[in-house]
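Just so you know, ligand 1 is whichever comes first in the structure, and atom 1 is the first atom listed for that ligand.
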Amino acid sequence: MLAYLDHQASTPCDPAVLAAMAPWWSEHPANASSRGHRPGLEAAAAVERARAQVAAALGARAEWVVFTSGATEANNLALKGTAEAALAGASGRRRLVSLVSEHQAVLDPLHYLERHGFPLSLLPVGGDGRLDPDALAAVLGDDVLLVSVMAANNEIGVLQPLAAVAAQCRAHGALLHVDAAQAAGHLPLAMATLGIDLLSLSGHKCGGPKGVGALLLRPGLELAPQLHGGGQEGGRRAGSVAVPLVVGLGEALTLATARQEAEARRLAALRDRLWAALEALGGIVLNGPPPGQERLAHNLNITVLGVDGAALHQRLRRRLAVSSGSACSQGSPSHVLAALGRSRPEAAASIRFGLGATTTAAEIELAITVVSEALAELRR
Ligand SMILES: *Cc1c(COP(=O)(O)O)cnc(C)c1O
């Protein structure tokens with residue numbers, strides 16, 4: 001048996017999501033932009049239903065939703081689109097602010113913009129991965145165009161204090177972008193209530209298909225499109241809308257939202273069992289806040305002290321699908337673990353367990369056995 005515990009890299013499509021998508025692959029082939037015939041109008045109606053589902057799950061309005069190919073594209077559109085629009089606007093705000101521990105799909109567009117004349121401030125995080133609101137306050141000024149802070153970290157599951165961040169941004173007239181790829185569908189996230197201006201999400205992190213996502217943006221925001229073409233999505237993202245994928249995304253978020261509370265409770269219990277057993281092995285430290293505090297219920301990230309990371313992961317590989325502290329960026333150590341103060345060898349000897357909808361107690365027991373056996377061997 002191989003236990004799949006890498007749900008934060010990608011989590012399977014729910015069967016109900018597959019069923020919702022099924023007719024839209026071939027039975028209903030029309031392009032949602034073909035308004036001249038009934039099949040086209042039906043496809044357009046399916047897209048609009050999905051748009052309403054996505055909006056409802058995020059406490060937003062349907063008109064705010066722009067469908068994209070995923071969170072990477074949504075982040076690029078949010079950041080580059082806002083920056084480019086600012087060049088044409090009246091305000092002189094140019095500075096971009098974010099965290100060192102953001103996903104590469106935020107950091108890379110920000111570094112790109114930095115090379116194109118937008119000063120960038122990357123704030124450090126504390127030992128538990130949380131942003132210090134005082135550090136944000138220190139950089140916020142009337143030159144700040146946009147602040148980008150993720151809702152939940154993909155590696156260590158830490159939740160950022162979004163309400164406090166949003167209040168600070170509002171007070172200084174800066175826009176707030178939130179990469180919510182790991183949070184959407186997993187925890188309550190009401191965009192309007194929190195005061196988030198732009199929010200990115202991804203289908204395959206919440207039980208939907210790969211290759212689809214969305215950018216939600218509050219009305220009145222200037223956004224320069226990054227894909228030019230057929231004028232779809234209100235001119236904000238050209239390209240034929242991927243009808244089956246979008247239908248799947250809408251269904252996935254509706255299901256995930258309905259199950260959210262019960263599922264978080266179930267996965268937190270499994271995660272707590274895993275951590276209790278691993279902690280008892282000794283010489284293992286947790287990355288991110290302790291379970292029960294500001295972290296995702298379905299994430300556990302640990303560093304095994306004093307063992308070789310490659311040897312450790314080689315022993316896990318056959319029976320556990322997990323992430324290491326180096327898998328994410330072509331073998332270089334995780335920038336998130338480095339931000340917490342972990343050394344290169346410590347990062348390599350780290351394990352991310354991502355639990356999900358299909359995770360069973362038997363898989364957790366297997367994970368405990370496999371890690372225990374690996375450590376016994378390595379420490380012999
Ligand atoms: C997965 C992920 C992304 C990228 O999403 P895609 O839809 O795969 O492009 C961006 N940000 C975070 C936090 C993620 O976890």
Side-chain angles (χ1 to χ4, degrees), residues 5-13 17 54 57-58 65-81 98-112 122 125 129-131 147-160 162 165 176-187 189 196 198-216 226-227 237 239 241-242 245-246 248-250 252-253 256 287-288 294-301 322-323 325 327-330 334-337 339 352-356:
L5 291 172
D6 207 9
H7 288 266
Q8 288 186 279
S10 200
T11 196
C13 259
V17 170
V54 171
L58 275 306
V65 178
V66 177
F67 288 116
T68 66
S69 63
T72 300
E73 188 193 329
N75 287 341
N76 272 269
L77 177 57
L79 301 170
K80 295 179 195 165
S98 191
L99 308 185
V100 290
S101 54
E102 289 289 316
H103 193 276
Q104 223 58 50
V106 163
L107 292 176
D108 283 0
L110 288 176
H111 284 302
Y112 169 87
L122 289 182
V125 292
R130 294 259 287 176
L131 160 73
V147 175
S148 183
V149 173
M150 70 202 318
N153 186 275
N154 47 297
E155 291 189 40
I156 58 172
V158 60
L159 309 181
Q160 296 298 346
L162 290 184
V165 170
L176 173 61
H177 167 251
V178 171
D179 178 347
Q182 293 288 344
H186 295 283
L187 45 87
L189 195 60
I196 297 169
L198 304 108
L199 181 146
S200 305
L201 58 86
S202 171
H204 71 114
K205 305 290 175 71
C206 63
K210 295 172 178 66
V212 69
L215 174 65
L216 282 68
Q226 301 299 302
L227 287 179
R237 197 275 187 183
V241 174
L245 300 182
V246 154
L249 175 62
L253 279 170
N287 295 313
E294 297 295 319
R295 71 181 296 149
L296 291 171
H298 57 286
N299 168 282
L300 185 71
N301 190 312
V322 289
S323 278
C328 256
S329 30
Q330 298 99 36
S334 147
H335 67 285
V336 177
L337 296 180
R352 175 184 70 179
F353 300 92
L355 285 60

Test your reading of the structure: does [X] have an N or O sitting under 3.5 Å from an N or O of ligand 1?
X	answer
Gln182	yes
Gln8	no
Asn75	no
Ser69	no
Val212	no

Please list the nearest protein heavy atom to [atom] with its residue and the distance rounded to 0.1 Å.
atom	result
atom 6 (P) of ligand 1	Ala71 N, 3.5 Å
atom 12 (C) of ligand 1	His103 CD2, 3.3 Å
atom 11 (N) of ligand 1	Asp179 OD2, 2.6 Å
atom 14 (C) of ligand 1	Lys205 NZ, 3.0 Å
atom 9 (O) of ligand 1	Thr72 OG1, 2.6 Å

Find all atoms of ligand 1 within a distance of less than 4.0 Å from any non-hydrogen atom belonging to His204, and give their numbers and elements.
->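 Heavy-atom distances to His204 below 4.0 Å select 6 (P), 7 (O), 8 (O).
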
Which atoms of ligand 1 are found less than 4.0 Å from any heavy atom of Gly70?
-> 7 (O)

Look up atom [atom1] in [X] and atom [atom2] in [Y], then write down how far apart they are to the nearest 0.5 Å.
X	Y	atom1	atom2	result
Asn287	Asn299	CG	CG	9.5 Å
Leu187	Arg295	CG	CZ	13.0 Å
Asn76	Tyr112	CG	OH	9.5 Å
His103	Asn154	NE2	CG	4.5 Å
Ser98	Met150	OG	CE	8.5 Å

pair Leu215-Arg237: side-chain heavy atoms closer than 4.5 Å = no

For the side-chain hydrogen bond (donor to acceptor under 3.5 Å, both in side chains) test, which of Ser202, Ser200, Ser148 pairs with Asn75?
-> Ser200

Taking all heavy atoms of Arg352 and all of Asn301, pick out the closest pair and write down the distance.
->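 Distance-wise, the nearest heavy atoms are CB-ND2, 3.8 Å.
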
Contact partition for Asn154 relative to ligand 1, non-hydrogen atoms under 4.0 Å |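 The answer is the side chain of Asn154.
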
Would you please indicate yes or no on a ring centroid separation below 6.0 angstrom for His298 and His7?
-> no

